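One structure below.
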Amino acid sequence: MKKIKIAIAEDHHIFRNTLVNMLDGEEDISVVFDVANGRDLIDGVKENQVDVVILDLDLPIMNGRKALSIIKQNHPQIKVLILSMHYTDYHIQTYMALGANGYLSKDCDFETFLDAINNVYYNDFHFDDKISPKTIQKIILSKFITPKFFKYESLSKREIEVLQLICLEKTSSEIADRLIISQRTVDNHRKHLMKKTGARNSVGLLTYAILNGFHNLDI
């Protein structure tokens, strides 16, 4: 099994060690090195093969923003996942515009963290389900990222209607009421949409809709 090679840049020693210990317990992940500042991170990616960098923004010597820019300029193949306490639409848009492949809050659970690592490694990007649809739309339409994992299969008229309502954050019950169909039918359409697009959740469906012009969100 190929292991995802991880580098961690985090200046809080206990938190960094906790991440290292938890990730090293995963059979498909290997922590290559961990550092407490941006300068050591830049030196580390020069000397080691790294697939994904877990990057805090508030680093000494060289901050996360500068480190991100250097990594993306010199090592564009490396995926960067921001893990920060600064979790606002502004921060998310700013750092994904600079080349970050994903952005997570430090208070996320471990399963969400693992999911994000796999998404940025295999799909080139990760959107947290806490990010607003309008923010996702702005990021994608500004071409800050180019998601690549979606399959292409034609969608039926009804599937497109369901997809557009999912983009508007409507629940299955609300979609059923709007389209005058059963909630079970809505759930079946949702499953078919995920199978056709390769999306894993509603955020993935939203991304697919925006890329293919099926969204109807107002910025």
Side-chain angles (χ1 to χ4, degrees), residues 1-10 19-20 22-32 45 49-57 64 68 71-72 75-84 86-89 91-152 163 166-167 169 190-191 193-212 215:
M1 177 184 295
K2 176 175 173 55
K3 291 195 174 189
I4 304 173
K5 297 179 176 62
I6 301 288
I8 299 174
E10 164 61 55
L19 290 180
V20 171
M22 294 177 74
L23 290 176
D24 272 341
E26 299 296 314
E27 62 179 14
D28 59 345
I29 289 176
S30 173
V31 178
V32 179
V45 296
Q49 183 179 345
V50 175
D51 298 314
V52 178
V53 169
I54 308 302
L55 180 62
D56 184 25
L57 298 179
L68 170 64
I71 289 171
K72 285 301 177 178
H75 311 278
Q77 78 282 3
I78 295 178
K79 310 301 190 300
V80 178
L81 176 62
I82 304 292
L83 188 62
S84 176
H86 305 294
Y87 192 83
T88 66
D89 284 353
H91 283 91
I92 294 165
Q93 287 179 232
T94 297
Y95 284 93
M96 294 193 81
L98 290 173
N101 301 86
Y103 199 110
L104 282 180
S105 169
K106 282 188 175 180
D107 68 359
C108 70
D109 60 56
F110 188 61
E111 289 304 314
T112 297
F113 184 45
L114 288 178
D115 192 42
I117 290 172
N118 280 281
N119 279 338
V120 299
Y121 177 69
Y122 289 107
N123 305 328
D124 280 348
F125 81 103
H126 175 81
F127 286 128
D128 190 354
D129 58 12
K130 295 178 181 178
I131 301 176
S132 73
K134 288 186 177 181
T135 297
I136 294 175
Q137 178 172 315
K138 288 179 181 178
I139 292 169
I140 293 175
L141 294 182
S142 298
K143 301 188 184 302
F144 296 154
I145 63 165
T146 306
K148 69 177 184 180
F149 76 101
F150 296 106
K151 306 173 184 177
Y152 176 76
L163 180 59
I166 290 172
C167 290
E169 299 184 273
R190 189 186 293 267
K191 290 177 183 177
L193 283 166
M194 289 184 176
K195 183 176 181 180
K196 284 187 173 183
T197 64
R200 299 173 62 181
N201 50 34
S202 294
V203 175
L205 289 176
L206 171 62
T207 305
Y208 176 87
I210 295 170
L211 286 171
N212 291 278
H215 64 291

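Keep in mind the model is a prediction, meaning the values are calculated, not measured.
Listed by chain and number, the residues in a side-chain contact (heavy atoms from CB on, under 4.5 Å) with Glu111 are Asp109, Leu114 (sequence neighbours excluded). Partners of Ala116 by side-chain contact (heavy atoms from CB on, under 4.5 Å), not counting sequence neighbours, listed by chain and number: Leu81, Leu104, His126. In terms of the salt bridge (charged side-chain N to carboxylate O under 4.0 Å, His left out) criterion, residue partners of Lys130 (sequence neighbours excluded) are, by chain and number, Asp107. Taking Ser202 as the reference, Ile166, Arg190 meet the side-chain contact (heavy atoms from CB on, under 4.5 Å) condition, with sequence neighbours excluded. Every residue two or more places apart in sequence or in another chain that forms a side-chain contact (heavy atoms from CB on, under 4.5 Å) with Val32 is listed here: Lys5, Asn48. In terms of the salt bridge (charged side-chain N to carboxylate O under 4.0 Å, His left out) criterion, Asp51 has no residue partners (sequence neighbours excluded).
Smallest separation of non-hydrogen atoms from Gly64 and Leu55: O-CD2, 3.4 Å. Of all heavy-atom pairs spanning Leu68 and Gly99, the tightest one is CD1-C, 4.2 Å. The minimum heavy-atom distance linking Asp56 with Ser84 is given by the pair OD1-CA, 4.3 Å.
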Trace of the side chain to side chain contact (heavy atoms under 4.5 Å, CB included) decision for Asp128 with Tyr87
CA-CA 11 Å; Asp128 190 354; Tyr87 192 83; 3.0 Å; yes
Chi angles and distances behind the side chain to side chain contact (heavy atoms under 4.5 Å, CB included) call for Thr135, Phe127:
CA-CA 10 Å; Thr135 297; Phe127 286 128; over 6 Å; no
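Side-chain atoms of Tyr103 and Val80, non-hydrogen and from C-beta on, never get closer than 4.5 Å to each other. Leu19 places none of its side-chain heavy atoms less than 4.5 Å from the side chain of Ile6. Using a 4.5 Å heavy-atom cutoff, the side chains of Asn119 and Phe125 are not in contact. Using a 4.5 Å cut-off on side-chain heavy atoms (C-beta onward), Tyr122 and Ile4 make contact. Proximity of Leu193 to Tyr208: side-chain heavy atoms (C-beta onward) are nowhere separated by under 4.5 Å. Put simply, the side chain of Ile8 reaches to within 4.5 Å of the side chain of Leu23, judged on heavy atoms.
Note that the CD1 atom of Ile131 and the CG atom of Leu206 stand 10.5 Å from one another [nearest 0.5 Å]. Annotation: the span from Ile82 atom CD1 to Thr94 atom OG1 amounts to 11.0 Å, rounded to 0.5 Å. From Lys2, atom NZ reaches atom CG of Asp28 across 11.0 Å, with rounding to the nearest 0.5 Å. Distance check, rounded to the nearest 0.5 Å: CD of Gln77 to CD1 of Ile71 gives 10.0 Å. From Gln93, atom CD reaches atom CG of Leu98 across 12.0 Å, with rounding to the nearest 0.5 Å.
Taking the six-membered ring for Trp and thresholds of 30 and 60 degrees, Phe110 and Phe113 have ring planes inclined between 30 and 60 degrees apart. Taking the six-membered ring where tryptophan is involved, the planes of His86 and His91 are essentially parallel, since the angle between them stays under 30° and well short of 60°.
Under the 3.5 Å distance criterion, the side-chain polar atoms of Lys72 are left unmatched by any main-chain donor or acceptor of Lys79. Distance alone, capped at 3.5 Å, is enough to place a donor-acceptor pair between the Asn101 side chain and the Asp124 backbone.
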